[in-house]
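See below for the structure under consideration.
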Amino acid sequence: MGFLADSLSRIKPSATIAVTDKARELRAAGRDVIGLGAGEPDFDTPENIKEAAIRAIREGKTKYTAIDGIPELKAAIAAKLKRENHLDYAPSEISVGTGGKQVLFNALMATLNPGDEVIIPAPYWVSYPEIVSLAGATPVIVPTSAEAEFKLTAEALEAAITPQTKWLILNSPSNPSGAAYSRDELKALTDVLMKHEHVWVLTDDMYEHLIYDDFVFTTPVEVEPGLKARALTLNGVSKAYAMTGWRIGYAAGPTMLVKAMAKLQSQSTTNPSSISQWAAVEALNGPQDFIPRNCEIFRERRDLVVSMLNQAAGITCLKPEGAFYVFPSCEGTLGKTTNSGKTLATDEDFVTALLEEEGVAVVHGSAFGLSPFFRISYAVSNEALEEACHRIQRFCAGLR
């Protein structure tokens, strides 16, 4: 037997982090690299939020806190859920963790046993199936299609449910596709869930505020209140408030589950950073007027990227409703050969050659469970996006 745990063999490293690290290495070696792999806004954290953190430090709010969140933050989360999502949750039904990933990890580790199944539509955020596997359960991947706008249908959900199904994980707007479910599309899914009382739903709403073109965001429990007793609604401050490094995520759900998550967190990280928690209180309670302004910048970037990618030979790109990603197909490039003589057999070949030959770092679709696609994060400057898209066009034009 080896020294490392067998459970590690069930998971893969994060492909998105790997791409970002590779781009960083090439840049350090003197290469001109445009990194479009990282999923974080390029905006700075708003000043009022920074000031709240500084004030917390000066006021000595630097001690341990309650394991899963200070009362003030839980109250701010409850107020946000009521104000924006028309959901009523008590503080005892709210959990705060060190980023949304920890909250997700806690929920799955606290509920999954070997033999349990978790339905995950593909393309998916890279961590969903890995955490399910680490917990000893089975991820059930349900592929979607560009024709269906990368959205899970009621028929596909119904077909995937078995007596062993414990959770459905639903991410809207989606990382990596940017696809967002309308109220009617969610209603079709929640109608299926209402027929299967043993299935819980974990809704990842992290990109809730990053929506475009008059799209109206809704969350499953808002659409179907009957699901509240078996739903966990997950969110955080990372994306909308440009607070990725502050590491605050939260979720609302039944007290029984929230207590189990707190028990697990008490034996891992304990409380999230006290300073970050006070900053998050200000984020949720303070001015929200910068969010629409940031969204307008993201919308312009989305339109730029979609237009330029659709002008690249062999690339087709849908216009997504939300988040700050596009998920174009590179199917039209496969089977072709690059200027350096490499034949592109897969989307991973495509992104590797694109990085090596043109210095553009993107993430292959197979990392998100669906090929032949790739993900671009347009959370970078317009200038960088334009240059990157020119390079992609040049790369594709040079294929033979």
Side-chain angles (χ1 to χ4, degrees), residues 12-23 34-42 99-101 104 119-132 139 141-152 169-181 202-208 210-212 215 234 236 238-240 244 298-299 301-302 305-306 309-310 315-331 346-348 350-352 354-355 360-380 385 388-389 392:
K12 303 186 292 289
S14 166
T16 50
I17 293 173
V19 166
T20 304
D21 288 346
K22 176 73 171 171
I34 302 174
L36 304 179
E40 64 177 351
D42 57 323
K101 189 180 285 190
L104 175 78
I119 296 172
I120 304 171
Y124 47 70
W125 182 47
V126 293
S127 294
Y128 296 147
E130 304 305 323
I131 295 172
V132 169
I141 308 303
V142 181
T144 64
S145 67
E147 292 71 32
E149 299 178 315
F150 301 116
K151 295 175 191 176
L152 178 68
I169 299 180
L170 205 60
N171 176 209
S172 172
S174 159
N175 174 6
S177 71
Y181 291 82
L202 196 161
T203 73
D204 182 346
D205 297 349
M206 192 65 73
Y207 295 89
E208 169 187 5
L210 303 180
I211 51 176
Y212 315 111
F215 182 87
L234 183 147
S238 294
K239 313 298 180 177
T244 50
F298 278 138
R299 186 195 62 76
R301 292 173 178 176
R302 177 203 64 173
V305 171
V306 169
L309 287 174
N310 280 320
I315 305 292
T316 54
C317 184
L318 294 179
K319 183 183 284 189
E321 296 94 342
F324 40 68
Y325 309 105
V326 289
F327 199 62
S329 166
C330 58
E331 187 169 14
T346 65
D347 50 29
E348 190 163 4
F350 175 88
V351 304
T352 301
L354 180 65
L355 178 58
V360 177
V362 300
V363 188
H364 49 289
S366 53
F368 306 101
L370 203 65
S371 295
F373 298 89
F374 61 101
R375 189 192 78 173
I376 282 179
S377 166
Y378 52 85
V380 297
L385 286 173
C389 288
I392 293 170

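Along the sequence shown, the residues carry numbers beginning at 1. The figures here come from the full heavy-atom set of this structure, side chains too, leaving out hydrogens, waters and symmetry mates.
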Under the side chain to side chain contact (heavy atoms under 4.5 Å, CB included) criterion, do Phe327 and Phe368 qualify, and how do the steps go? CA-CA 10 Å; Phe327 199 62; Phe368 306 101; 3.8 Å; yes
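Looking at Cys330 and Ile315, their side chains come closer than 4.5 Å, going by heavy atoms from C-beta outward. With contacts defined as side-chain heavy-atom distances shorter than 4.5 Å, the pair Leu36/Leu385 qualifies. Contact annotation: the side chain of Phe324 never approaches that of Arg301 to less than 4.5 Å [non-hydrogen atoms, C-beta and beyond]. For the pair Tyr325 and Ser177, the minimum side-chain heavy-atom distance is 4.5 Å or more. Put simply, the side chain of Ile392 reaches to within 4.5 Å of the side chain of Ile376, judged on heavy atoms. Trp125 places none of its side-chain heavy atoms less than 4.5 Å from the side chain of Ile169.
At distances below 3.5 Å, at least one donor-acceptor pair connects side-chain atoms of Asn310 with backbone N or O atoms of Cys317. Although no hydrogens or angles enter the test, the distance criterion places no donor-acceptor pair under 3.5 Å between the side chain of Arg302 and the main chain of Lys319. The main-chain N or O of Ala180 is found under 3.5 Å from a side-chain atom of Glu321 such that the two form a donor-acceptor pair. A donor-acceptor pair under 3.5 Å is formed between the side chain of Lys239 and the backbone N or O of Gly39. Between the side chain of Asn171 and the main chain of Asp204, a donor-acceptor pair closer than 3.5 Å is present. Judged by distance alone, with hydrogens and angles left aside, the side-chain atoms of Ser174 form no donor-acceptor pair with the main-chain N or O of Ala179 at under 3.5 Å. Distance alone, capped at 3.5 Å, is enough to place a donor-acceptor pair between the Arg375 side chain and the Gly37 backbone. Without hydrogens or angle criteria, Thr144 side chain to Ala122 main chain gives a donor-acceptor distance under 3.5 Å.
Glu331 and Ser329 make their closest contact through N-OG, 3.1 Å (heavy atoms, listed as atom of the first residue, atom of the second, distance). The two residues Pro123 and Phe150 have their closest heavy-atom pair at CD-CD2, 3.9 Å. A pairwise comparison of heavy atoms in Pro41 and Ala379 identifies CA-CB, 3.9 Å as the closest pair. Taking every heavy atom of both residues into account, Ser377 and Val380 meet most closely at O-CG2, 4.5 Å. Summarising the geometry of Val306 relative to Pro320, their closest heavy-atom pair is CG2-CD, 4.3 Å, with the distance given to 0.1 Å. Residue Ser14 comes nearest to Val126 through the heavy atom pair OG-CG2, 3.8 Å, listed as atom of the first residue, atom of the second, then distance.
In this structure, the separation between CG on Leu370 and CG on Asp347 is 9.0 Å, given to the nearest 0.5 Å. Residue Ser371 holds its OG atom at 9.0 Å from CD of Glu348, rounded to the nearest 0.5 Å. Between Phe373 atom CZ and Phe350 atom CZ the span is 12.5 Å, to the nearest 0.5 Å. From Leu152, atom CG reaches atom OG of Ser172 across 11.5 Å, with rounding to the nearest 0.5 Å. To the nearest 0.5 angstrom, Leu170 atom CG is 11.5 Å from Ile120 atom CD1. The structure places CG of Leu318 at 11.5 Å from CG of Leu309, a figure rounded to the nearest 0.5 Å.
Within a 6.0 Å radius of CD in Glu130, other residues, nucleotides and ligands contribute more than 12 heavy atoms.
Aromatic ring orientation, Phe298 versus Tyr378: perpendicular (interplanar angle above 60°, classes split at 30° and 60°).
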